[in-house]
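All values derive from a computational prediction rather than experimental measurement. Just so you know, ligand 1 is whichever comes first in the structure, and atom 1 is the first atom listed for that ligand.
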Amino acid sequence: MEKFIINGGETLSGKVKVSGAKNSALKLIAASIMADSKTTLKNIPKIEDVYTMIEVIKTLGARVHMDSEKNILEIDPSSINSYEAPYELVRKMRASVLVAGPLLSKFGRVKLAIPGGCNIGSRGIDMHLKGFEDMGAENIIEHGYIHCRVKGRKSGSRLAGSTINLDFPSRGATENIMMAASLAVGKTIINNAAREPEIVDLANFLISMGVEIEGKGTDCITIYGAKKLCGVEYNVMPDSIEAGTFIAAASLCGRKVEVENAVWKNLEIFCLKLKEIGIDVSSTDENTVVVNASDNQLKPVYISTLPYPGFPTDLQPIIVVLLSIVPGISIVTENVFENRFMYVDELNRMGANIKIDGHHAVIKGTKKLSGAPVRAFDLRAGAAMVLAGLAAEGITEVSDIYHIRRGYEDFEGKLSSIGADIKIAKG
Ligand code: UD1
């Protein structure tokens, strides 16, 4: 087991570059299995969740080659001969369920392990399954697996386009249904669809493979199923949550930090909240965000997480760390996941003063955090603990950092390059 040892209080400055987006790369890898030929994905982040998704499609029979030097992943799906996403992998990474749409679309069947809850909530997949049913699939649950097939027809049958109304703009359900619709017969309309930039990236990828899609980035997406899809070469978009993490680190302990591959329009609500707090944050061009930390008076704020274009839930723990040292009372409301304040007790052990009341965090700004041994509860909460350690007085040890490895490429290397004192230790 590895942990981070952080000596807090160093000033951060310089340039740091953001990697490809985890939450796009995973979907593009899943979608690539629908092609009849090889796909090349560039700007693939070297993170554990990507390696897990590679394992998932290898289990299905795909041939995969990763060029780690160049962050390029090649996927040849022509040898796929299994339709099962096994429990070991789904349990490890919930996003493994995103191979269901592509498998069902291309092969008419999938056997999918039912994901359990996770550290941030119960996270059902009912909307994914309902969408498949609306398109003519039947779902049978047996022994912890869902057997999903195109209903009552011969092998090789395809899903049928349909109109699907989502109860909530779930990203995963929108993506799984978009992929399921890609080789379905006819037109599928998804109402109340998610609008995140990663959904647009997936739509662009599917379009380049041969699918016709209207309304990407809106809450009504129309997909016209294609007869076949071809492999393509595609660049994964930059990761806005990683970008937001570095922007927050710079806000907490920076002088002047330039975050490259940080797309302003994807981070707008986050950056506007930082401005409201009093942080000097701006963009030099559409792909670079600059934080000029100064002695500005910082003010408390109210924040509510919401699906895009609202404040992203994945940046909630990150901004709570910043608010923990902003004078006055801030309130952060979590609307997407029911259990996403688990890390707050750890932050309070570092001197923060945060009370949880239902899905609200009431944060009374403290003067200084002080280093302590803390745990990474999940991916983003883990990154938040690292930021707390950077801002704190003394030494912070963050354990269970395998959570952080799921979504940040060379986190400690990138932070060190802008002046953080962060090391790896065993134990
Ligand atoms: C994705 C992101 C995750 C982010 C989240 C919300 C990936 C790999 N992960 O997760 O980082 O935090 O979006 O922005 O892209 N729900 C149901 N039934 C369903 C589907 C969802 O009840 O069928 C609920 C979930 O339990 C959750 C909420 O809807 O409370 C949002 O889930 P969703 O948008 O689907 O998130 P994910 O795609 O799982």
Side-chain angles (χ1 to χ4, degrees), residues 20-31 45 47-50 52-53 56 89-90 92-101 112 114-134 139 146 148 164-180 190 192-202 219 236-237 239-242 244-245 266-267 269-270 304-319 333-343 359 377-384 403-404 406-408:
K22 168 176 97 67
N23 288 350
S24 178
L26 298 178
K27 328 304 165 63
L28 305 188
I29 297 172
I47 53 174
E48 283 307 315
D49 273 10
V50 160
T52 304
M53 193 53 114
V56 174
L89 294 173
V90 175
K92 194 165 169 196
M93 185 185 70
R94 206 182 163 278
S96 309
V97 302
L98 287 153
V99 293
L112 178 69
I114 302 171
C118 67
N119 287 359
I120 57 176
S122 73
R123 298 184 87 174
I125 55 163
D126 50 310
M127 285 186 264
H128 304 228
L129 299 178
K130 165 86 171 37
F132 299 157
E133 274 173 16
D134 288 348
N139 302 315
I146 299 159
C148 196
I164 292 156
N165 301 308
L166 296 180
D167 294 338
F168 175 90
S170 151
R171 292 167 72 163
T174 303
E175 292 158 341
N176 234 343
I177 295 165
M178 276 166 73
M179 293 188 280
I190 310 174
N192 200 21
R195 289 181 280 170
E196 274 75 6
E198 290 81 0
I199 307 271
V200 176
D201 212 31
L202 174 62
D219 62 0
V236 179
M237 65 176 280
D239 195 310
S240 35
I241 306 304
E242 187 195 356
T245 306
N266 298 344
L267 282 156
I269 185 100
F270 178 67
S304 282
T305 66
L306 281 173
Y308 188 86
F311 191 96
T313 173
D314 285 349
L315 287 173
Q316 178 261 101
I318 307 281
I319 201 132
T333 300
E334 173 58 55
N335 292 309
V336 181
F337 291 108
E338 79 248 23
N339 208 10
R340 211 168 187 172
F341 286 126
M342 295 275 285
Y343 67 91
H359 62 133
F377 264 97
D378 63 60
L379 165 57
R380 305 303 170 187
H403 286 297
I404 301 174
R406 288 186 42 212
Y408 290 88

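A donor-acceptor pair is defined here as one N or O able to donate and one able to accept, closer than 3.5 Å; such a pair exists between the side chain of Glu334 and the backbone of Val336. No donor-acceptor distance shorter than 3.5 angstrom exists from the side chain of His359 to the backbone of Asn335, with no hydrogens or angles considered.
With contacts defined as side-chain heavy-atom distances shorter than 4.5 Å, the pair Ile125/Pro115 qualifies. In this structure, Phe311 and Ile319 have side chains that are in contact, with non-hydrogen atoms separated by less than 4.5 Å. Residues Leu202 and Leu28 have side chains in contact (heavy-atom distance under 4.5 Å, counting atoms from C-beta outward).
Heavy-atom contacts of Ile125 reach the following atoms of ligand 1: 19 (C), 23 (O) (cutoff under 4.0 Å). Close contacts of ligand 1 with Gly172, meaning ligand atoms under 4.0 Å from a residue heavy atom, involve 35 (O), 38 (O). Every atom of ligand 1 is numbered from 1 in the order shown, and the set under 4.0 Å from a heavy atom of Arg340 is 12 (O). The atoms of ligand 1 that sit less than 4.0 Å from any heavy atom of Thr313 are 6 (C), 12 (O), 14 (O). Those atoms of ligand 1 with a heavy atom of Phe337 less than 4.0 angstrom away are 5 (C), 6 (C), 12 (O), 27 (C), 30 (O). Listed by number with element, the atoms of ligand 1 under 4.0 Å from a non-hydrogen atom of Asn23 are 2 (C), 3 (C), 7 (C), 8 (C), 9 (N), 11 (O), 15 (O). The ligand atoms of ligand 1 that sit less than 4.0 angstrom from a heavy atom of Phe168 are 28 (C), 29 (O), 31 (C). Contact atoms of ligand 1 toward Met127: 16 (N), 17 (C), 18 (N), 19 (C), 20 (C), 21 (C), 23 (O) (distance under 4.0 Å to a heavy atom of the residue).
At least one heavy atom of Arg94 sits under 4.0 Å from some atom of ligand 1. At a 4.0 Å cut-off, not a single heavy atom of Gln316 sits close enough to ligand 1 to count as contact. Contact between Lys27 and ligand 1 is present, with at least one heavy atom of the residue lying under 4.0 Å from the ligand.
Not counting sequence neighbours, Ser304 has no partner by the side-chain hydrogen bond (donor to acceptor under 3.5 Å, both in side chains) test. Remark: Glu242 pairs with Lys414 by the salt bridge (Lys or Arg N to Asp or Glu O under 4.0 Å) rule, at least two apart or across chains.
For a threshold of 3.5 Å applied to N or O pairs, the pair formed by Glu338 and ligand 1 contains no separation below that value. By the 3.5 Å distance cut-off applied to N or O atoms, Val336 is counted among the residues near ligand 1. Considering backbone and side-chain N/O atoms, Ser170 comes within less than 3.5 Å of an N/O atom of ligand 1. Note: no N/O pair closer than 3.5 Å links Ala173 and ligand 1 by distance alone.
Checking Arg171, Lys22, Lys27 one by one against Glu198, the salt bridge (charged side-chain N to carboxylate O under 4.0 Å, His left out) holds for a single residue, Arg171.
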Before giving the answer on side-chain hydrogen bond (donor to acceptor under 3.5 Å, both in side chains), spell out for Ser24 and Asp201 the whole-Å C-alpha distance, their side-chain angles and the decisive distance to 0.1 Å.
-> CA-CA 7 Å; Ser24 178; Asp201 212 31; 2.6 Å; yes
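When all heavy atoms of Asn139 and Leu129 are compared, the pair lying nearest together is ND2-O, 3.3 Å.
Here Asp49 does not pair with Arg94 in a salt bridge; the nearest charged N to carboxylate O distance is not below 4.0 Å.
With atom 22 (O) of ligand 1 as the reference point, the heavy atom nearest to it among Asp126, Ile199, Leu26 is part of Asp126.
Residue Arg380 does not touch ligand 1, judged by heavy-atom distances below 4.0 Å.
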